[in-house]
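Below you'll find the structure, written out as structure tokens, and then a few comments.
Letters A, B, ... mirror the listed sequences (proteins, then strands); counts begin at 1. Side chains included, hydrogens not; waters and symmetry mates left out as well; all remaining heavy atoms used.
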Number of protein chains: 2
Amino acid sequence: MNHQIQSIAELDRIIHEPGRLMIITLLYSVDQADFLYLQYETGMNKGTLSSHISRLEQAEYIHVEKTFRGKVPQTLLRLTRMGRKSFERYRKNLREAL
Amino acid sequence: MNHQIQSIAELDRIIHEPGRLMIITLLYSVDQADFLYLQYETGMNKGTLSSHISRLEQAEYIHVEKTFRGKVPQTLLRLTRMGRKSFERYRKNLREAL
DNA sequence: CCAACTAGTTTGCGCTACCAACCGACTTTT
DNA sequence: AAAAGTCGGTTGGTAGCGCAAACTAGTTGG
């Protein structure tokens, strides 16, 4: 198995999914974002976004904090150190694949 | 929606799937390969490989030619012009996303 | 001639993704 | 206080993936 192919085979599937890749890419640059912002930026519907967030949280790639903006509930998200590391490794693999 | 995210949202899902990405990456460089070579290089089992090949053929990204190596059947694969173009577009999107 | 092997396809199963619709708790409007 | 809206989660249905096992068709070996 050549090196390029090896890199593809090792891609982190949790991150590789485009919906989640968008979320992580956004969080990587802003370091904190809320649900509605992500929904707007990614164009995903709530259901899909909600389930990707759960998946990322369960993988411990993001941290979810439920709070309030005045009286309105707000879900804040940020990458964990592990999420950040995994994303960097993912990008490295991808660059090697291309 | 920012440009980076836009690029991710536009990724060609047929190519994005790691199994198929490996196949296309290999075909892009060698221009012609047979089933067993791909199976060996990618480490996929026959069933999975076979179904990815069908999917790529149906999308007209590869051309499949069934022939013989002596008396033994051999399936030869190569990228179509469309497959090549799509792969180049995919890589462009990916580079813009990173 | 019959068993075993090769190349590849199909099938069945469990898991994941996506969307739309509905739901629950709360808030604002009228 | 009834109606409508907001945030976000849950559910039901459809489609796709990955694997192993069964299958097809032809070939080789005993």
Side-chain angles (χ1 to χ4, degrees), chain A residues 1 5 8-27 32-59 61-78 86 90, chain B residues 1 5 8-27 32-59 61-78 86 90:
Chain A
M1 205 191 273
I5 300 307
I8 296 173
E10 284 171 6
L11 289 172
D12 183 336
R13 303 299 189 106
I14 290 175
I15 296 178
H16 193 60
E17 189 58 35
R20 290 189 293 262
L21 183 53
M22 287 191 276
I23 294 172
I24 292 183
T25 299
L26 286 166
L27 291 179
Q32 164 121 317
D34 68 18
F35 191 97
L36 290 180
Y37 172 76
L38 290 182
Q39 191 184 352
Y40 174 74
E41 287 292 320
T42 63
M44 286 189 271
N45 67 49
K46 317 158 187 243
T48 301
L49 179 55
S50 177
S51 62
H52 281 318
I53 287 174
S54 297
R55 191 104 175 68
L56 289 169
E57 184 184 18
Q58 162 208 315
Y61 283 5
I62 65 174
H63 177 254
V64 179
E65 183 186 1
K66 282 159 199 307
T67 172
F68 290 87
R69 179 172 71 273
K71 292 182 171 180
V72 181
Q74 182 182 38
T75 301
L76 288 175
L77 310 165
R78 53 193 167 71
S86 298
Y90 174 82
Chain B
M1 205 190 273
I5 299 307
I8 297 173
E10 283 171 6
L11 289 171
D12 183 336
R13 302 298 191 107
I14 290 176
I15 297 178
H16 193 61
E17 189 59 34
R20 290 189 293 261
L21 183 53
M22 286 192 276
I23 294 171
I24 292 182
T25 299
L26 285 166
L27 291 179
Q32 163 122 315
D34 67 19
F35 191 96
L36 291 180
Y37 172 76
L38 290 182
Q39 191 183 353
Y40 175 74
E41 286 292 320
T42 63
M44 286 190 270
N45 66 50
K46 318 157 185 245
T48 301
L49 179 55
S50 177
S51 64
H52 281 317
I53 286 174
S54 296
R55 193 107 172 64
L56 288 169
E57 185 184 18
Q58 162 208 316
Y61 283 4
I62 66 174
H63 178 254
V64 178
E65 184 187 359
K66 281 159 198 309
T67 172
F68 291 86
R69 178 171 72 273
K71 292 184 170 179
V72 181
Q74 183 183 34
T75 300
L76 288 175
L77 310 165
R78 53 193 167 71
S86 298
Y90 173 82

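- Whole-Å rounding puts the A:Gln58 CD to D:dT10 P distance at 13 Å.
- As a whole-Å value, the separation of B:Leu21 CG from D:dC17 C1' is 15 Å.
- Listed nucleotides: C:dT27, C:dT16, C:dG8. Nearest to the side chain of A:Lys71: C:dT27.
- Side-chain N/O atoms of A:Arg20 include one lying less than 4.0 angstrom from OP1 or OP2 on C:dA17.
- Heavy-atom distances under 4.0 Å link DNA chain D to A:Lys46, A:Gly47, A:Ser50 of residues 44-54 of chain A, given in residue order.
- Checking D:dG8, C:dA17, C:dG8 against the side-chain heavy atoms of A:Leu36 singles out D:dG8 as nearest.
- For the pair B:Leu56 CG and C:dT9 P, the computed distance is 13 Å after rounding to whole Å.
- The interatomic distance linking A:Glu65 (CD) with D:dC7 (P) rounds to 18 Å, in whole Å.
- One can place CG of A:Asp34 at 15 Å from P of D:dT6, the figure rounded to the nearest angstrom.
- C:dT16 atom P lies 12 Å from atom CD of A:Glu17, rounded to whole Å.
- Note: CZ (B:Phe68) to P (C:dT6) measures 17 Å, nearest angstrom.
- Distances from the side chain of A:Lys66 to the nucleotides D:dG8, C:dA7, D:dC17 place D:dG8 closest.
- Within the 4.5 Å cutoff, the side chain of B:Tyr61 has heavy atoms near those of the B:Ile15 side chain.
- Listed for the A:His16 side chain is a donor-acceptor partner under 3.5 Å among the backbone atoms of B:His16.
- For A:Arg69 and D:dC7, the shortest distance from a side-chain N or O to OP1 or OP2 is below 4.0 Å.
- Once rounded to the nearest 0.5 Å, the distance linking CD of B:Gln39 with OG1 of B:Thr48 reads 9.5 Å.
- Between A:Ile23 atom CD1 and D:dG8 atom P the separation is 13 Å, expressed in whole Å.
- Screening B:Glu41, B:Met44, B:Glu17 against B:Ile23 for a side-chain contact (heavy atoms from CB on, under 4.5 Å) leaves a single residue, B:Met44.
- Distance check: A:Thr75 OG1 to A:Leu38 CG gives 10.0 Å after rounding to the nearest 0.5 Å.
- Annotation: side chain of B:Tyr90 is not in contact with side chain of B:Ile24 (no heavy-atom distance under 4.5 Å).
- Taking only side-chain nitrogens and oxygens, A:Arg13 never comes nearer than 4.0 Å to OP1 or OP2 of D:dC17.
- No donor-acceptor distance shorter than 3.5 angstrom exists from the side chain of B:Ser50 to the backbone of B:Lys46, with no hydrogens or angles considered.
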